[in-house]
Amino acid sequence: MPSSTSEEIMFFVNGRKVVEPKAQPEMTLLGYLRNHLGLTGTKLGCSEGGCGACTVMVSKYDHENKKIKHFSANGCLLPLCAVDGMAVTTVEGIGSTKTALHPVQERIAKSHGSQCGFCTPGIVMSMYALLRNNPVPTHKEMESAFEGNLCRCTGYRPILEGFKTFTKECCGKGVNGCCAEKTPIGTSNCVLNGSNELVKCEEFTPYDPTQDVIFPPELMLPEAVKPKSLYIKGDLVTWFRPATLDELLELKTKISAS
């Protein structure tokens, strides 16, 4: 392999830099978060990418377009080695009861969108990733963001009712039934679930994108855009990441000949 090949990976988790010199290629991001970093808010459900309980946000900087891109991802399917040079955000990284709840967490709690709570972190992170890319999504975009999340308790209605308060159609227009009356958000008539006994929209903390965790500046430096080959030999699997077409063809030739 080329002399510039690295045998360690570097990435950020909730703003904290992580350098792992002994990454196992067969390990998933979810396994590393839970077993090595103690971030157990991200749950292990089906282990097949079907339930979405393990959803986290993965972010990378597009140097060509000078733009940060955020993706929701299933931690149970994402290899640990694949997040080299990226930033990972888990449910612990956006807010907590010890500090302050993020507006997404607040919505799902006050709107009665969580019962057993096992799927809740994944649903929260799917909505959070959507807002990081689009602070004011449409109702259709909001619903589409949860296509990979399953909830066996709530029937989805309270989840959608809470999160639709982030959408363009919410409050004042009556498009999605967010308000009991067609009145602006912040008034006494703005309620969820059609009952004045439940949560009022005026009680929700407004979403302010400027208060979100910043993307690590280190990953935006010119050095970060330089291709870096990876060669990591694990106990069961070897991870190759060629950085150029020539490296890929060389690797293909060696493997074909072996």
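These numbers come from the heavy atoms of this one structure, side chains and all, not from hydrogens, waters or symmetry mates.
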Less than 3.5 Å apart, any donor N or O on the side chain of [X] or [Y] sitting next to an acceptor on the other?
| X | Y | answer |
| --- | --- | --- |
| Y156 | N149 | no |
| T210 | D208 | yes |
| E141 | S144 | no |

Starting from the C-alpha separation in whole Å, work towards a yes-or-no answer on side chain to side chain contact (heavy atoms under 4.5 Å, CB included) for T28 and C76.
CA-CA 6 Å; T28 64; C76 74; 5.6 Å; no

Following the transitive rule for hydrophobic clusters with a side-chain heavy-atom cut-off under 4.5 Å over Ile, Leu, Val, Met, Phe, Trp and Tyr, establish whether [X] and [Y] coincide in one cluster.
| X | Y | value |
| --- | --- | --- |
| V104 | L130 | yes |
| Y128 | F146 | yes |
| V18 | L33 | yes |
| W239 | F11 | yes |
| V58 | L39 | yes |

Measure the acute angle between the ring planes of [X] and [Y], then classify it against the limits of 30° and 60° as parallel, tilted or perpendicular.
| X | Y | result |
| --- | --- | --- |
| Y32 | H36 | parallel |
| Y207 | F166 | perpendicular |
| Y231 | F240 | tilted |

Filter on salt bridge (Lys or Arg N to Asp or Glu O under 4.0 Å), then keep only pairs touching residues 31-40, sequence neighbours left out; what's left?
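Qualifying pairs: none.
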
Tell me the salt bridge (Lys or Arg N to Asp or Glu O under 4.0 Å) pairs involving residues 57-66, sequence neighbours left out?
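Passing the test, one end in residues 57-66: D62-K69.
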
So, taking the atom named [atom1] in [X] and the one named [atom2] in [Y], what distance separates them when rounded to the nearest 0.5 Å?
| X | Y | atom1 | atom2 | result |
| --- | --- | --- | --- | --- |
| L219 | S59 | CG | OG | 9.5 Å |
| D235 | T238 | CG | OG1 | 10.0 Å |
| R107 | I159 | CZ | CD1 | 15.0 Å |
| T253 | L249 | OG1 | CG | 6.5 Å |
| L37 | T42 | CG | OG1 | 10.0 Å |
| T55 | L78 | OG1 | CG | 11.5 Å |

Can you name the salt bridge (Lys or Arg N to Asp or Glu O under 4.0 Å) partners of [X], sequence neighbours left out?
| X | result |
| --- | --- |
| E26 | none |
| E106 | K110 |
| K233 | none |

Might you point out which heavy atoms bring [X] and [Y] nearest each other, and give the distance in Å?
| X | Y | value |
| --- | --- | --- |
| Q105 | V124 | CG-CG1, 3.9 Å |
| G162 | S111 | CA-OG, 3.2 Å |
| S114 | T120 | OG-OG1, 2.8 Å |
| A53 | C119 | CB-CA, 4.5 Å |
| A129 | H70 | O-CB, 4.4 Å |
| L248 | P242 | N-CB, 3.7 Å |

Let me have the donor-acceptor pairs involving side chains of residues 79-96, under 3.5 Å, with sequence neighbours excluded, atom names and distances please.
{"from": "D84", "atom 1": "OD1", "to": "M10", "atom 2": "N", "distance (Å)": "2.8"}
{"from": "D84", "atom 1": "OD1", "to": "K228", "atom 2": "NZ", "distance (Å)": "3.2"}
{"from": "D84", "atom 1": "OD2", "to": "K228", "atom 2": "NZ", "distance (Å)": "3.2"}
{"from": "D84", "atom 1": "OD2", "to": "R241", "atom 2": "NH1", "distance (Å)": "3.4"}
{"from": "D84", "atom 1": "OD2", "to": "R241", "atom 2": "NH2", "distance (Å)": "2.9"}
{"from": "T90", "atom 1": "OG1", "to": "N14", "atom 2": "ND2", "distance (Å)": "3.0"}
{"from": "T90", "atom 1": "OG1", "to": "E92", "atom 2": "N", "distance (Å)": "3.4"}
{"from": "T90", "atom 1": "OG1", "to": "E92", "atom 2": "OE1", "distance (Å)": "2.6"}
{"from": "E92", "atom 1": "OE2", "to": "T40", "atom 2": "N", "distance (Å)": "3.3"}
{"from": "E92", "atom 1": "OE2", "to": "G41", "atom 2": "N", "distance (Å)": "2.7"}
{"from": "S96", "atom 1": "OG", "to": "K98", "atom 2": "N", "distance (Å)": "3.3"}
{"from": "S96", "atom 1": "OG", "to": "T99", "atom 2": "N", "distance (Å)": "3.4"}
{"from": "S96", "atom 1": "OG", "to": "T99", "atom 2": "OG1", "distance (Å)": "3.2"}

Does any non-hydrogen side-chain atom of L44 lie less than 4.5 Å from one of C54?
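Answer no - side chains too far apart.
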
